[in-house]
Amino acid sequence: MAVTAEAAAEMVLERRAYARVGLLGNPSDVYGGRALSFAIADFSATVHLRPSPELLIQPHPHHDLVAFPSLPQLVSRLQSEGYYGGVRLLMAICKVFYNYCVQNNISLKAENFTLSYDTNIPRQSGLSGSSAIVCAALSCLLDFYNVRHLIKVEMRPNLILNAEKELGIVAGLQDRVAQVYGGLVYMDFSQGHMDKLGHGIYMPLDVNLLPPLYLIYADNPSDSGKVHSTVRQRWLSGDDFITSRMKEVAQLALDGHKALLQKDYTELARFMNKNFDLRREMFGDDVLGALNIKMVDVARSVGAASKFTGSGGAVVALCPDGDSQVERLRKGCQEAGFVVQQVKVPPSVLTDEELSSLLLAS
């Protein structure tokens, strides 16, 4: 019997994952530290999964181009966008998900599907666009195979990170936790937790604890820092300067958590500035990039607190002096050619059952 259009539409799964902002603690999440992060409602990746006779990963018509009007336009595209679209991300999470299920004796039904995706997260903006695609795809797979209840919420960021590691993407768990959980999350990645539990301690917080925050980014971030960083190697070799500064960055997330609970936004602003200053000390201006530093400087020129949302490409700003300061920030960004907008933070994306499982685990 033929499937009606209405029935076919009902069989399609659509799952969304938001871009994220690292408020405090990054990049210490890669070094056994802590982080405060939140999702942004304005930017997200969406993945669709529909049953199909064969397993198909569908290229995006814009992000996975393979046809070009000419050779110069192909080269121009690669220079501005790079070689990579979302297809490889979808393939990687399928592999990691399948292997995890096999290793943990989770049986999967023998049915195929087609995956497709879309995203409006600006490229090279430090808003975790790649991991958002992977996160949304994982959510589709969990529901298509009806195994959401068999894979702990706390373990899902590990799967997303492992999929990206398959592709040589070097990153930490912070972004993936923020996208799996949604809303505002405090995270502790101390090695003791990681060794004992296989994951960090992740605490969803009330998004209403946040003050008004502003996102600043460039339309064309292509000249951001491209110099290779030696911080990872120095940390692994026990460099005293790097290890001590990274501990300071991790402490800022803990202190910021307390400041948020007390709604002490003056202290929060101080911590944000300190976070960027420590990053700058460790990585240096050549790694950070002139354009990224300029975004921070524009915000600070009007007295706003500012820091990177991730590794660069966008900045999060706090205006502790109120509306007049916000207007000066908007004017300064406009004159510098940057986009600025107030951040909208969605609530947690976890289901009631998933939130209950977190409470029981704690």
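Nothing fancy with the numbering, it's 1 onward along the sequence.
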Is there a donor-acceptor pair under 3.5 Å between the side chain of [X] and the backbone N or O of [Y]?
X: Thr46; Y: Asp118; value: no
X: Ser28; Y: Met246; value: no
X: Thr309; Y: Gly126; value: yes
X: Arg280; Y: Leu288; value: no
X: Asn120; Y: Asp42; value: yes
X: Gln58; Y: Thr114; value: no
X: Asn273; Y: Ser306; value: yes
X: Asn26; Y: Ser311; value: no
X: Asn275; Y: Gly25; value: yes
X: Tyr214; Y: Pro212; value: no

Under 3.5 Å, is there a donor-acceptor pair linking the side chains of [X] and [Y]?
X: Asp255; Y: Gln251; answer: yes
X: Ser131; Y: Gln179; answer: yes
X: Asp188; Y: Ser190; answer: yes
X: Gln73; Y: Ser70; answer: yes
X: Ser37; Y: Arg20; answer: no

If you measure from [atom1] on [X] to [atom2] on [Y], what distance do you get to the nearest 0.5 Å?
X: Thr119; Y: Leu89; atom1: OG1; atom2: CG; value: 10.5 Å
X: Thr266; Y: Leu318; atom1: OG1; atom2: CG; value: 8.5 Å
X: Leu184; Y: His257; atom1: CG; atom2: NE2; value: 8.0 Å
X: Arg245; Y: Phe283; atom1: CZ; atom2: CZ; value: 13.5 Å
X: Thr243; Y: Met282; atom1: OG1; atom2: CE; value: 10.5 Å
X: Leu213; Y: Ile40; atom1: CG; atom2: CD1; value: 10.0 Å

Honestly curious: do [X] and [Y] fall in one hydrophobic cluster under the side-chain, below-4.5 Å linking rule?
X: Val339; Y: Leu329; result: yes
X: Tyr18; Y: Val134; result: no
X: Leu56; Y: Ile133; result: no
X: Val185; Y: Phe189; result: yes
X: Leu173; Y: Ile169; result: yes

Distance-minimising heavy-atom pair for [X] and [Y]:
X: Val343; Y: Val345; answer: CG1-CG2, 3.7 Å
X: Cys94; Y: Leu115; answer: SG-CD1, 3.8 Å
X: Val47; Y: Ala136; answer: CG2-CB, 3.6 Å
X: Gly183; Y: Val207; answer: CA-CG1, 3.8 Å
X: Gly22; Y: Val316; answer: O-CG1, 4.2 Å
X: Gly256; Y: Leu36; answer: C-CD1, 3.6 Å

Is the shortest heavy-atom distance from the side chain of [X] to the side chain of [Y] under 4.5 Å?
X: Glu248; Y: Lys274; result: yes
X: Phe338; Y: Val315; result: no
X: Met187; Y: Arg34; result: no
X: Glu54; Y: Ser52; result: no
X: Pro320; Y: Gln325; result: yes

Inset, instruction - Please find out if less than 6.0 Å separates the ring center of Tyr117 from that of His60. - result: yes
Decide if atom [atom1] of [X] counts as having more than 12 heavy atoms of other residues, nucleotides or ligands within a radius under 6.0 Å.
X: Gln334; atom1: CD; value: no
X: Met194; atom1: CE; value: yes
X: Phe68; atom1: CZ; value: yes
X: Asn112; atom1: CG; value: yes

Legend entry - side chain to side chain contact (heavy atoms under 4.5 Å, CB included) partners for Asp277, two or more places apart: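 Counting only residues at least two positions away or on another chain, Asp277 forms a side chain to side chain contact (heavy atoms under 4.5 Å, CB included) with Arg300.
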Inset, instruction - Kindly confirm or rule out a cation-pi arrangement of Arg279 over Phe276, judged by NZ or CZ under 6.0 Å from the six-membered ring centre and within 45° of its axis? - result: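 No, a cation-pi geometry is absent between Arg279 and Phe276.
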Inset, instruction - Flag this pair as yes if the NZ/CZ of Lys109 is under 6.0 angstrom from the six-membered ring centre of Phe144 and inside a 45 degree cone about the axis; otherwise no. - result: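 Judged by the rule (NZ or CZ under 6.0 Å from the ring centre, within 45° of its axis), Lys109 counts as positioned above Phe144.
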Inset, instruction - Walk me through it: do Gln103 and Tyr98 pass the test side-chain contact (heavy atoms from CB on, under 4.5 Å)? - result: CA-CA 9 Å; Gln103 291 160 9; Tyr98 174 79; over 6 Å; no
Inset, instruction - Identify whether the distance between the nearest side-chain nitrogen and carboxylate oxygen of Glu267 and Lys258 falls below 4.0 Å. - result: no
Inset, instruction - Could you give me the CA-CA distance, side-chain angles and deciding distance for Leu159 and Ile151, then say whether side-chain contact (heavy atoms from CB on, under 4.5 Å) is met? - result: CA-CA 10 Å; Leu159 299 184; Ile151 300 180; 4.1 Å; yes
Legend entry - Hydrophobic cluster (4.5 angstrom, side-chain heavy atoms) - remaining members for Leu197: Ile201
Inset, instruction - In sequence, state the C-alpha distance, the side-chain angles, and the governing distance for Arg16 and Glu14, and then conclude on salt bridge (charged side-chain N to carboxylate O under 4.0 Å, His left out). - result: CA-CA 7 Å; Arg16 183 183 306 274; Glu14 177 183 298; 3.8 Å; yes
Legend entry - Tyr145: partners by ring pair (Phe, Tyr, Trp, His ring centres under 6.0 Å), with sequence neighbours left out: Phe97
Legend entry - Intermediate values then yes/no, side-chain contact (heavy atoms from CB on, under 4.5 Å), Ile216 and Val298: CA-CA 10 Å; Ile216 303 168; Val298 167; 5.9 Å; no
[X]: what forms a salt bridge (charged side-chain N to carboxylate O under 4.0 Å, His left out) with it, not counting sequence neighbours?
X: Lys196; value: none
X: Lys263; value: none
X: Arg148; value: Asp143, Glu354

Inset, instruction - Quick one: do His193 and His199 satisfy side-chain contact (heavy atoms from CB on, under 4.5 Å)? Show the steps, please. - result: CA-CA 6 Å; His193 300 320; His199 55 77; over 6 Å; no
